Every structure is written in C-alpha cells, then in structure tokens.
Visitor: 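Starting off with a structure, shown below.
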Protein chains: 2
Amino acid sequence: MSETPLGFVLFEVARLYRARTERAFEQAGLGITSGEARTLVYVNQHPGLRQTALAEKMNVEPMTLVASLDRLEAHDLVRREPDPSDRRAKLVNLTPSAAPLMARITAVAAEARAETLQGLSDDQVAAFRATLEHLRANLVRCARAPEDA
Amino acid sequence: MSETPLGFVLFEVARLYRARTERAFEQAGLGITSGEARTLVYVNQHPGLRQTALAEKMNVEPMTLVASLDRLEAHDLVRREPDPSDRRAKLVNLTPSAAPLMARITAVAAEARAETLQGLSDDQVAAFRATLEHLRANLVRCARAPEDA
DNA sequence: GCTTATAGTAAGAAAGACTTAATATGTCCG
DNA sequence: CGGACATATTAAGTCTTTCTTACTATAAGC
C-alpha cells in the first residue's frame, strides 16, 4: 500500500477546506460563494484593473472572471466602468456597499481558517504559505511557458 | 493591500496543480481525469472495500464515488462484485487491465509533481505533506462533528 | 414482526473552469 | 492610409466535480 500522491492530498485538503468555508459563509448568511469572495478580495487588492488584467492576477481565464463579476455586479458589490483610454476595456472596482460585506467575509473566513489550522504554530503556517506561494510561482511559470523548449 | 487569505492561495494552487496534472494526463493519452485517477489510487490502496467505506476513506459522498466508479468500470479498470456477507453491498477492486495504466498514471503524475515542486528540498516537501495531512485531519474532524457542542 | 438504519441506484442541480466564436476597437507595418 | 493582426468583452456551450433528494432492497435491533 503506497503513499497517496501529494497532488491528491492537496486536492483533497483544498476541497475539504473549501467546503468548510462554504458552510461558514452560508451559516453567516453572506449570500456569496467562496469563489465570489475570492474575486472580491482580488478586486479590493487591485482596484481599477481591466478584467483581463485582473483575470491574469487571479490565474483564471477572463471568461471565468466575467461570470463571477456578473454575479457580483448583480449584487451591487462591484462596478465596471469603461476605460477612458481604450474603448474595448472596462475597469473593475468595488462598490461602497461591498465594504461591510468584505469585513464580514474576512471575519467568517478567519473562523474557518482558525479551525483548519488548529494545532499549527505561526512558523508552520508561515512555512506552509511560503511553500504554497512557491508552488504557485512554479505552476504559473509552466502554464505560461509552453513545453516546446 | 492586504495579504491574500491562505485559503484562497491553497485553492488556487490546487486548481493550477490540477490543471497541470490534467494536461499531463491528456498529453500522455491516459484517457482518464485526475479525479478518476484518484479513485484508482484509492481502490488500489484499499482493495475489496464496499463503496461506502471507500467513499469515507476518500472524504467524498458515496454518490460522488459511484459516478467515478461507473466511468472506471465502463473502461474495465475496476469491477464491482456483490458482497457475500451483505446483499446490499458491493466490493470494489481493480481489474487486471488497470495495472499497466496505474504504472503510467504514476509516472505521468510524478512528472507534473517534479515540475511543481522544483526548487524545494526533500525536507520542505515532507513538511508540506505533513502540514497538509494535519489540515486534512482537522477538516475531517470538523466535517464529521457538527458544531452543536 | 415492525421500526429504523444502511447500501446502492436514479435524477437533478450548482459551482467553477475552460473553449469557441463574434464584434468592436486598437496597433503595426507596408 | 488601409489591411492584417491583436485585443477586450460578450455570448453560447461543455465538462468535471460534487452534492442533495428520493427510492428500493436489504439488514439490524427490539
């Protein structure tokens, strides 16, 4: 009986953590999914970006982001305005009504995180994050560089 | 600009890693998804379990597993036989034709893993795995213990 | 024997993510 | 300046994973 490949463990933990987060969001009555929350977080971190630029920051296809933004816009949480320097483009920002929700999202997510990370030291958490970020950098690099070298 | 919540980083890394794995599987012409590969790995690790027991090992609902097994059975990679001790149940095993595919899955997954983990020491990888397993244990515990305490 | 629980099958829905295609706009080069 | 190529967004569609609800046959417990 061999060890479960690391990738499958990672996928499983991500799935379980996500389910935990969704439950927390639902119980708190936030009215959004973790995917939508993630979009809000990124718009907040990078206000006024074009949709395509934001999608690149988030490592998803623009279409994927747009669907998420559509739902958030419908909830008056983000607004999309024409880019004055390029009539093809739109700039994405949070609306004022997003601020209180962001605070709640942060608090609820912190709850789920605390439960998930229970028993780990701050150093262990920091190392874990650093590793994740390292993996992400590797994965982003290989996703953007076709293997024709 | 605040730090991206750990959960979102984790979800993103899992997604990117999964996409990387799917690409590798497709390029190798394996004909199965990473989800199906995961099921094969678990059947291999736990031969002859009932579907419900296997689903529990995998932390998914039985229905989810059954859908996966349906596809794998259609490809003659697993077989389900009635449990002689309980006529409601079925026992799941790999078929002989799964063995060569398992070897290929393992090799291809190792490729994706090597690329993803590039730059990390063996100790770092081991610590990462240990942390993932710790998180999984926490998440499994809270998923199975309702918060009415 | 009746009630409750369990295992598996069937049907349906949601979320997230991607691909293809079309249109309007922008850039570059001859 | 015009044509070829590239880009941003919208529209439509597909796939995978995962879950929930419901039903039937079987098993367990009292």
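As the structure is a prediction and not an experimental result, all values here were calculated from the model. Chain A is the first sequence line, chain B the second, and so forth, proteins listed ahead of strands; every chain is numbered from 1.
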Visitor: For the residue pair A:E22 and A:S34, what are the closest heavy atoms and their distance?
Guide: OE2-OG, 2.6 Å
Visitor: Whole angstroms only, please: what is the CD-P distance between B:E26 and D:dT16?
Guide: 10 Å
Visitor: Mark up nucleotides 13-24 of chain C, 5' to 3', with B wherever a protein heavy atom is under 4.0 angstrom from a base atom, S wherever such an atom reaches only the sugar-phosphate, and - elsewhere.
Guide: ---SSBB----B
Visitor: Scan residues 53-69 of chain A for pairs that pass salt bridge (charged side-chain N to carboxylate O under 4.0 Å, His left out), counting only residues two or more places apart or in two chains.
Guide: A:E56-A:R144
Visitor: Has the side chain of B:S68 got a donor or acceptor atom that lies under 3.5 Å from a matching backbone atom of B:T64?
Guide: no
Visitor: Is there a side-chain polar atom (N or O) of A:T52 under 4.0 Å from OP1 or OP2 of D:dT9?
Guide: yes
Visitor: Tell me: CZ of A:F8 to C1' of D:dT17, nearest whole Å?
Guide: 14 Å
Visitor: Could you give the NZ-to-C1' distance, from B:K90 to C:dG8, as a whole number of Å?
Guide: 7 Å
Visitor: For B:L54 and C:dT6, give me the distance from atom CG to atom C1', rounded to whole Å.
Guide: 17 Å
Visitor: For the pair A:F128 and B:F128, name the ring-plane relationship: parallel under 30°, tilted 30 to 60°, perpendicular over 60°.
Guide: parallel
Visitor: When the distance from CE of B:M58 to C1' of D:dT18 is rounded to whole Å, what number comes out?
Guide: 12 Å
Visitor: Among side-chain atoms of B:Q45 and A:T4, is any donor-acceptor pair under 3.5 angstrom?
Guide: yes
Visitor: When the distance from CZ of B:R79 to C1' of C:dG8 is rounded to whole Å, what number comes out?
Guide: 19 Å
Visitor: Identify the residue among B:K90, B:R88, B:Q51, B:R50 that makes a side-chain hydrogen bond (donor to acceptor under 3.5 Å, both in side chains) with B:D83.
Guide: B:R50
Visitor: Separation of B:L30 atom CG from D:dT16 atom C1', in whole Å?
Guide: 17 Å
Visitor: Can you name the atoms? Protein N/O to nucleotides 1-3 of chain C N/O, anything below 3.5 Å, with the distance.
Guide:
none

Visitor: Which of these nucleotides, D:dA8, C:dA7, C:dG26, is closest to any side-chain atom of A:R87?
Guide: C:dG26
Visitor: Between the main-chain N or O of B:R79 and the side-chain N or O of B:N93, is there a donor-acceptor pair closer than 3.5 Å?
Guide: no
Visitor: For B:D76, is there any backbone N or O sitting under 3.5 Å from a side-chain donor or acceptor partner on B:T95?
Guide: yes
Visitor: Checking B:E36 side chain against B:T33 main chain: does a donor-acceptor pair fall under 3.5 Å?
Guide: yes
Visitor: Take the protein atom CG of A:L69 and the nucleotide atom C1' of D:dT10, then report the distance between them rounded to whole Å.
Guide: 13 Å
